[in-house]
Every structure is written in C-alpha cells, then in structure tokens.
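Residue indices begin at 1 and follow the sequence shown.
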Amino acid sequence: MSDLGRRALRKAIWRLVPFLAVLYMFNIVDRANVGFARLQMKDGLGISDAVIDWGYGIFYVGYLLFEVPSNLLLRRFGARRWIARIMITWGLVSALTSCVVGAWSYFAARILLGVAEAGFFPGIIYYLSAWFPAGVRARVVAWFMLAIPVASLLGNLASGLILDSMEGVAGLPGWKWLFILEGIPSVLLGFSVLFFLPDGPHVAAWLEADEREWLEADRAAEDG
C-alpha cells in the first residue's frame, strides 16, 4: 500500500471509528437498561419477573421482522440518513419506556424498540465497507466492537448512579429516570450523525483531494 493510501486510511479510521463505537455503546446500553430497572419496575408496575423476562425476548420480534426491510431502506436512503433515523427513533422509544403502566404497554415498548433498532449494526458494517478495503476492514470492525466491553463497564456505572441519585426527583422513580436519561443521548447523537458522518469519501471535507481520490478508486476497484 502506498504512503497516500496509509495516510488516507489513518485519517478515516481516527475520524469515523471512535464516533461509530460511541453510537454502538448507546445501542447496547439502551437495549439492556431494562435489566437494571427491573427491580424497581416490578414494584412500581406490579409485574412479575416472568413479565420482565418476556420483555427481554419479545424485543427480538420487532428486531427480526424489520431487519431486512430496514437494510433495504438503508440502501435506498443512504447509510448516514438511515443510521440517524434509527438512533433518533430508538432513543425516543427508550425514553418513552418510562411511561409504561403495566405488562402490555411494557411489551409494546420492547417490540417498538426492536423495530426502531433493526438494521443498525448491519448499517454500520455497510457504512464501513464504503470506506475501508477488505484488507483492513476486519481490524476496523474489531476496534469498533470494543464498544461492547466499554458499554458494559460505563453503562453499569451510569445505570447504578441514575437509579440511586435520581430516585424521587420531580416525583419520578429512579427507573423512569433511567430510561429518560439513557434515551435522550441517543436522540442527540442521531442528529449529530447527520452533520458528522459524510456519505462517503467523495464528500469528506477533512480529507485532501488526493486522499479522497485514492479511497474512491480503491473502493471502486474492489467492488469491481
């Protein structure tokens, strides 16, 4: 690989991968935060452990049903716009889970969360494939996947802090604040995607002209 190619890839990696990893961190946190809220939710809503556990599984009903349609729409509207849409809707659904009043509304919220999140991970992989050749893509995806342990560490700390410190604030139990405060950042990040992520190398203002041309030519040659 030429010096130009290495320079272009280095810039793209440092610009894109940390930001995408942050998006994935919130995806993991918003999907799993019901596990931290469950003890308070059970008492507050008068539901059983079995109901909470059903909610874990029923999430994948919406997720699996809408995974393929979401990926088809991603190709139509573009990865940047569709990733932003996914994040905004899942953040809103996650925050509105604070409004559930019983088992059925909880089930509905979990199904809607699955529908909203469907296509996110494949969309990220599709986006990365538009930037990085196969020879480096595995390493890029591995760095991106570091979001999983980081999300587990930081998400656990944040969730415990919210449950302890926000209990009773504005008359709301801690579990409601958990969904609100962990859902809002996803909405804000979704809007930031529209401004931060370019559709491809050809419109990346932070690359030099020759770097953009190298990335575009490399991707075209590999696709061919």
Can you name the one residue among Thr89, Asp30, Asn27 that meets side chain to side chain donor-acceptor pair (under 3.5 Å) with Ser186?
-> Asp30

Check [X] against [Y] and note the closest heavy-atom contact, atom names and distance.
X: Val93; Y: Ala109; result: CG1-O, 3.6 Å
X: Leu215; Y: Pro201; result: CB-CB, 3.8 Å
X: Val29; Y: Ala151; result: CG2-O, 4.1 Å
X: Ala8; Y: Leu207; result: O-CD2, 4.2 Å
X: Pro198; Y: Val203; result: CB-CG2, 3.9 Å
X: Arg219; Y: Pro133; result: NH1-CA, 3.6 Å

Distance, nearest 0.5 Å, that separates [atom1] of [X] from [atom2] of [Y]:
X: Trp131; Y: Leu16; atom1: CH2; atom2: CG; answer: 5.0 Å
X: Tyr60; Y: Leu65; atom1: OH; atom2: CG; answer: 14.0 Å
X: Asn156; Y: Asn33; atom1: CG; atom2: CG; answer: 11.0 Å
X: Leu172; Y: Ile180; atom1: CG; atom2: CD1; answer: 5.5 Å
X: Lys176; Y: Glu167; atom1: NZ; atom2: CD; answer: 11.5 Å
X: Ser70; Y: Arg75; atom1: OG; atom2: CZ; answer: 13.0 Å

Within the supplied structure, the quantity of interest is the number of heavy atoms (other residues, nucleotides, ligands) at a distance under 6.0 Å from [X] [atom1]; does it exceed 12?
X: Trp206; atom1: CH2; result: yes
X: Phe191; atom1: CZ; result: no
X: Phe66; atom1: CZ; result: no

[X] versus [Y]: any side-chain heavy-atom pair under 4.5 Å?
X: Arg85; Y: Leu73; result: no
X: Val51; Y: Ser48; result: yes
X: Arg15; Y: Phe196; result: yes
X: Phe132; Y: Ile13; result: yes

[X] (side chain) donor-acceptor with [Y] (main chain) under 3.5 angstrom:
X: Tyr24; Y: Phe121; answer: no
X: Arg80; Y: Leu194; answer: yes
X: Ser94; Y: Gly91; answer: no
X: Glu67; Y: Gly119; answer: yes

Any residue meeting side-chain contact (heavy atoms from CB on, under 4.5 Å) with Leu189, in chain and number order, not counting sequence neighbours | Phe19, Val22, Leu23, Phe26, Met87, Ser192

Please list all pairs passing the ring-ring contact (aromatic ring centres under 6.0 Å, His included) test where one or both residues lie in residues 165-187, with sequence neighbours left out.
-> none

Audit row: Leu4, Arg7, side chain to side chain contact (heavy atoms under 4.5 Å, CB included) steps and yes/no | CA-CA 5 Å; Leu4 173 61; Arg7 187 172 73 243; 3.2 Å; yes

Determine, step by step, whether Trp214 and Asp210 satisfy the side chain to side chain contact (heavy atoms under 4.5 Å, CB included) criterion, reporting the C-alpha distance in whole Å, the side-chain angles of both residues, the deciding distance to 0.1 Å, and the verdict.
-> CA-CA 6 Å; Trp214 186 92; Asp210 57 348; over 6 Å; no

Just jot down the salt bridge (charged side-chain N to carboxylate O under 4.0 Å, His left out) partners of Arg212, sequence neighbours excluded, or say none.
-> none

Can I get a per-line list of side-chain donor-acceptor pairs under 3.5 Å for residues 159-166, giving both atom names and the distance, sequence neighbours left out?
| residue | atom | partner | partner atom | Å |
| --- | --- | --- | --- | --- |
| Ser159 | OG | Gly155 | O | 2.8 |
| Ser159 | OG | Glu182 | OE2 | 2.8 |
| Ser165 | OG | Leu161 | O | 2.6 |

With Trp90, which residues qualify under ring-ring contact (aromatic ring centres under 6.0 Å, His included), at least two apart?
-> Phe120

Pairs flagged by side chain to side chain donor-acceptor pair (under 3.5 Å) wherever residues 137-151 is involved - sequence neighbours left out = Arg137-Glu222

